[in-house]
Amino acid sequence: MSVVAPVSALASTLLPLGVAVAQGERPGPFVVAVGAVCLVAVVLVSLEAGPGAAGDGRSLAHRLRGAGYGLASGVLFGLLFLFLRNAGTSGVLGPVAVARTAGATLAACTWLLTRGTRGPAGLRPA
């Protein structure tokens, strides 16, 4: 799943950029050029080479699942950046504290919901 991190990075960058363009901001030619270079870099980094690339039994569904994980995490990071941007300037620690508390609560709820699930032979699912 080497595609997760690059797709996440690209999505977390493109979402705030897309919102800014939709709100009327216009990026200069340098920003557009750097964005194109980043897109090419994501494609190159995501390519798998070596012994694990061909014939390892990974299906298209496995690869698409990795891209889906990257897209989901990138969208959530992008939303975090947008929310922090729009949180205002009156308080510095308030928005960060709320984000941290919400993340910890979500992680605790996820742990509580999944701690009882076991896979075959008592192993946790990967």
Side-chain angles (χ1 to χ4, degrees):
M1 284 198 208
S2 65
V3 73
V4 175
V7 169
S8 176
L10 185 66
S12 68
T13 304
L14 289 180
L15 181 66
L17 179 65
V19 169
V21 168
Q23 291 177 344
E25 294 183 33
R26 296 294 171 241
F30 179 73
V31 173
V32 173
V34 169
V37 169
C38 288
L39 182 61
V40 170
V42 166
V43 171
L44 291 176
V45 168
S46 300
L47 294 176
E48 293 185 14
D56 63 353
R58 285 194 245 176
S59 65
L60 178 62
H62 180 79
R63 292 183 180 129
L64 288 177
R65 183 174 53 212
Y69 288 154
L71 184 63
S73 65
V75 166
L76 292 174
F77 273 120
L79 286 173
L80 172 70
F81 298 148
L82 286 172
F83 290 150
L84 287 177
R85 176 182 155 225
N86 295 327
T89 58
S90 62
V92 177
L93 294 179
V96 175
V98 169
R100 291 298 214 165
T101 304
T105 303
L106 181 63
C109 289
T110 303
W111 177 75
L112 286 172
L113 290 173
T114 60
R115 69 183 175 143
T117 60
R118 300 233 178 229
L123 299 175
R124 291 194 179 268

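Sorted pairs that involve residues 71-84 and meet salt bridge (Lys or Arg N to Asp or Glu O under 4.0 Å), not counting sequence neighbours, are lacking altogether. Listed by first and then second residue, the salt bridge (Lys or Arg N to Asp or Glu O under 4.0 Å) pairs that reach into residues 84-99 are Glu25-Arg85, sequence neighbours excluded.
Thr101 is linked by a side-chain contact (heavy atoms from CB on, under 4.5 Å) to Thr105, counting only residues two or more places apart in sequence or in another chain. Under the side-chain contact (heavy atoms from CB on, under 4.5 Å) criterion, Arg100 pairs with Val96, not counting sequence neighbours.
In this structure, CH2 in Trp111 is found 11.0 Å from CG in Leu113, a value given to the nearest 0.5 Å.
Under a 4.5 Å side-chain heavy-atom cut-off, the cluster of Ile, Leu, Val, Met, Phe, Trp and Tyr residues that includes Phe30 is completed by Val34.
Of all the heavy atoms in Thr110 and Thr114, the pair that sits closest is O-OG1, 2.8 Å.
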Donor-acceptor contacts, no H, no angles, side chain residues 3-22, under 3.5 Å, sequence neighbours left out:
| unit_1 | atom_1 | unit_2 | atom_2 | d |
| --- | --- | --- | --- | --- |
| Ser8 | OG | Ser73 | OG | 3.0 |
| Ser12 | OG | Ser8 | O | 3.1 |
| Ser12 | OG | Ala9 | O | 3.0 |
| Thr13 | OG1 | Ala9 | O | 2.8 |

